[in-house]
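Each residue takes its place number in the sequence, starting with 1.
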Amino acid sequence: MPAAGARAGLFDAVLFDRDGTLVHDVPYNGDPDRVRVVDGARAALDRVRAAGLRVGVVSNQSGLARGLFDADDLARVNARIAELLGPFDTWRICPHAEPPVDAPGCGCRKPAPGLVHAAARDLGTAAGRCVVVGDIGADMTAATAAGATGIMVPTPATRPEEVAAAPAVVGDLAGAVDLILRRQRSMLTAPVAGTRRRPRCVLVARPDSAGDVLVTGPAIRAVAAGADRVVLLCGPRGRAAAELLPGVDELVEWPLPWIDPRPEPVDRAAVDRLVDRLARVGADEAVLFTSFHQSALPLALVLRMAGVDRISAISDDYPGSLLDLRHRVSLGIPEVERALSLAAVAGFALPADDEPVLRLRPDCLGPPPDAAASAEPGYVVVHPGASVDARACPPELCARIVERLAAAGRRVMVTGGPGEDELSARVAGRAGTDLGGQTSLTGLAAIIARAGCLVVGNTGPAHLAAAVGTPVVSLFAPTVPFGQWGPYRVPTVRLGRADAGCRHTRATSCPIPGHPCLSEIEPGSVLAAVRLLDREPALAAARRGGP
């Protein structure tokens with residue numbers, strides 16, 4: 001395994017659920033003679049091992065607590081599995097039964113993240129560099145709550161709503177390994193033909209909203225590591241986020257009518273001015289970052305007119321002579337990795353000591369408001385607003401969430417963006433502290449950085465939390481894929497109906513009466529998610545030994 005500080009790729013290890021994933025599920029099995037491996041399991045594991053990744057098992061075995069088998073029986077079953085499937089680098093088992101409703105759990109029983117943290121510790125890595133492969137929702141929740149990558153291989157017994165909510169779904173273990181290795185390879189820097197010198201100046205573009213800019217940060221850092229100077233072209237909606245990114249030497253702000261959701265008419269004089277402005281940048285080359293539904297070709301044409309010699313972008317459409325490097329990416333890949341893969345094929349890689357996670361400039365955090373600065377760190381932040389209505393949790397539900405959290409002894413800060421003062425006041429009520437309209441984006445980042453958890457929809461502050469390492473309870477409307485747009489590599493619990501009728505529609509206004517994807521969330525489930533993300537129980541579970 002690569003040593004810390006010299007890691008390659010995205011992942012160090014793959015952690016498999018046992019029953020239903022590697023072996024056919026025999027409830028409370030204590031008999032090694034009843035072990036039957038899943039078709040293709042040995043070949044899949046051998047491919048993972050051959051790729052240099054460690055392998056482990058993370059499994060709930062409540063039959064121990066129930067007295068249905070003993071530790072020796074469990075050891076014999078696990079030994080038989082290893083005999084059939086090859087050696088595992090770690091086994092992490094939760095022996096506890098499911099706790100009564102509203103009773104504190106053990107911290108290791110999935111969906112709690114303790115087993116994932118413990119296995120990562122055994123392997124000398126972090127949960128964020130692990131993949132968890134399992135067959136039910138508890139496996140996926142344990143993965144995301146630890147900050148790991150989750151891949152579901154459903155069985156006929158898997159509930160449809162769990163399949164809909166999974167970050168990634170494949171048909172079998174071979175498909176899971178294909179996806180893992182494809183994502184691992186996507187970070188490899190492509191050899192650049194000839195003897196191309198280190199570029200003096202590279203223009204990178206992400207002319208979109210704040211969240212889009214933040215998720216492009218790792219790719220921009222990769223470009224910055226391979227260039228003398230980086231100029232970022234951003235739009236007005238992403239300017240504040242762009243100012244927070246490491247690796248950017250200069251910003252050019254310009255609204256692009258083929259990107260902005262409320263565009264002005266295309267005006268030749270404005271395009272001519274943009275060509276002139278970009279020509280003055282003097283870039284040797286450009287790397288154009290887009291979302292899967294956007295085209296990089298209009299901007300590539302403008303950059304050709306501005307005299308940029310080498311242009312790289314993702315494009316499914318035929319680019320003609322507009323692109324020198326045309327890259328394609330499979331659907332469903334996280335936006336962070338989508339952008340990083342473009343940087344890699346363009347010849348730019350993150351340094352070995354820079355993890356592919358979201359980051360902010362160390363000096364960018366502004367002071368939080370007095371109410372947050374004077375509070376002990378660890379409070380819960382509730383951010384009820386969203387960039388589009390379809391992704392916003394109903395205000396009356398947010399208010400009930402604040403009341404439920406406060407009744408459980410949690411101090412709650414309610415934040416809001418520009419123009420959301422009335423919303424934040426309504427949601428805070430008497431139970432929370434209203435901070436709406438009191439902060440810039442840097443101040444919001446400072447508030448979130450001191451929080452124990454952020455409760456938020458699929459909007460920019462979720463990615464801000466990922467950038468400062470604060471766990472997220474994601475009230476995620478399924479209008480876009482969670483595996484693509486969910487908070488990246490930060491402990492997260494997803495709530496909401498993932499199978500609602502708005503699924504993958506990219507709707508900006510809710511097309512379903514009653515907004516069922518979010519309105520049906522119970523405040524008690526938010527409290528349970530906050531508890532699941534509490535760092536100390538998970539770390540304590542990771543420190544404890546297991547059978």
Side-chain angles (χ1 to χ4, degrees), residues 206 208-217 234-246 248 251 253 357-388 391-393 395 398 401-402 405 410-428 432-476 485-488 490-492 530 533:
R206 190 62 199 255
D208 221 315
S209 64
D212 302 299
V213 170
L214 290 171
V215 300
T216 313
C234 65
R237 296 178 301 132
R239 173 65 186 252
E243 292 174 345
L244 307 182
L245 294 184
V248 176
L251 292 177
E253 179 187 326
V357 297
L358 277 58
R359 298 191 194 282
L360 305 182
R361 288 190 295 104
D363 61 342
C364 74
L365 295 186
D370 291 343
S374 61
E376 286 293 322
Y379 47 77
V380 178
V381 174
V382 174
H383 188 90
S387 53
V388 296
R391 301 179 198 166
C393 191
C398 287
I401 289 170
V402 170
L405 292 170
R410 303 281 178 158
R411 183 161 187 184
V412 184
M413 307 286 175
V414 180
T415 54
E420 294 180 340
D421 301 36
E422 183 178 343
L423 172 63
S424 63
R426 177 182 175 186
V427 169
T433 300
D434 177 20
L435 301 179
Q438 299 183 39
T439 64
S440 62
L441 193 63
T442 56
L444 179 60
I447 293 169
I448 294 173
R450 289 170 51 87
C453 184
L454 170 68
V455 180
V456 67
N458 176 26
T459 192
H463 305 300
L464 203 59
V468 297
T470 296
V472 179
V473 176
S474 180
L475 312 180
F476 195 93
W485 285 102
Y488 188 73
V490 67
T492 301
V530 170
L533 291 171

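- Of the inter-residue distances, the one linking I448 atom CD1 with L454 atom CG reads 5.0 Å to the nearest 0.5 angstrom.
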Worked check of side chain to side chain contact (heavy atoms under 4.5 Å, CB included) between V381 and V455: CA-CA 6 Å; V381 174; V455 180; over 6 Å; no
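- Of all non-hydrogen atoms in G436 and D421, the two that sit nearest each other are O-OD2, 4.0 Å.
- Two residues are said to be in side-chain contact when any heavy atoms from C-beta on lie closer than 4.5 Å; Y488 and V215 fail this criterion.
- Note that the CE atom of M413 and the OG atom of S424 stand 13.0 Å from one another [nearest 0.5 Å].
- Note that the CZ atom of R410 and the OH atom of Y379 stand 14.5 Å from one another [nearest 0.5 Å].
- Between the CZ atom of R411 and the CD atom of E376 there is a distance of 9.5 Å, given to the nearest 0.5 Å.
- Of all non-hydrogen atoms in L245 and G217, the two that sit nearest each other are CD2-CA, 4.1 Å.
- Separation of atoms CG (D363) and CG (L244) is listed at 10.0 Å; rounding is to 0.5 Å.
- Using a 4.5 Å heavy-atom cutoff, the side chains of P384 and V414 are in contact.
- At a threshold of 4.0 Å, the pair E422-R426 does not count as salt-bridged, since none of the basic side-chain nitrogens sits closer than that to a carboxylate oxygen.
- When all heavy atoms of S209 and R237 are compared, the closest pair comes out as CB-NH1, 3.5 Å.
- Note: L464 CG to H383 NE2 = 9.5 Å, rounded to the nearest 0.5 Å.
- Counting heavy atoms from C-beta on, the side chains of L358 and V468 never come closer than 4.5 Å.
- Put simply, the side chain of P461 reaches to within 4.5 Å of the side chain of L444, judged on heavy atoms.
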V472/V456 under side chain to side chain contact (heavy atoms under 4.5 Å, CB included): CA gap, chis, key distance, verdict: CA-CA 7 Å; V472 179; V456 67; 3.8 Å; yes
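- Residues W485 and N458 come closest through the heavy atom pair O-OD1, 3.7 Å.
- Using a 4.5 Å cut-off on side-chain heavy atoms (C-beta onward), V380 and V530 make contact.
- The shortest heavy-atom contact between S474 and T492 is CB-CG2, 3.9 Å.
- Between the side chain of S387 and the backbone N or O of T459, no donor-acceptor pair lies under 3.5 Å.
- Inspection of the R206 and T216 side chains reveals an N or O donor paired with an N or O acceptor under 3.5 Å.
- When all heavy atoms of L365 and A445 are compared, the pair lying nearest together is CD2-CB, 3.4 Å.
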Working for side chain to side chain contact (heavy atoms under 4.5 Å, CB included), residues V412 and I401: CA-CA 10 Å; V412 184; I401 289 170; over 6 Å; no
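- Inter-residue side-chain proximity for E243 and C364 is flagged as unmet; no heavy-atom pair is nearer than 4.5 Å.
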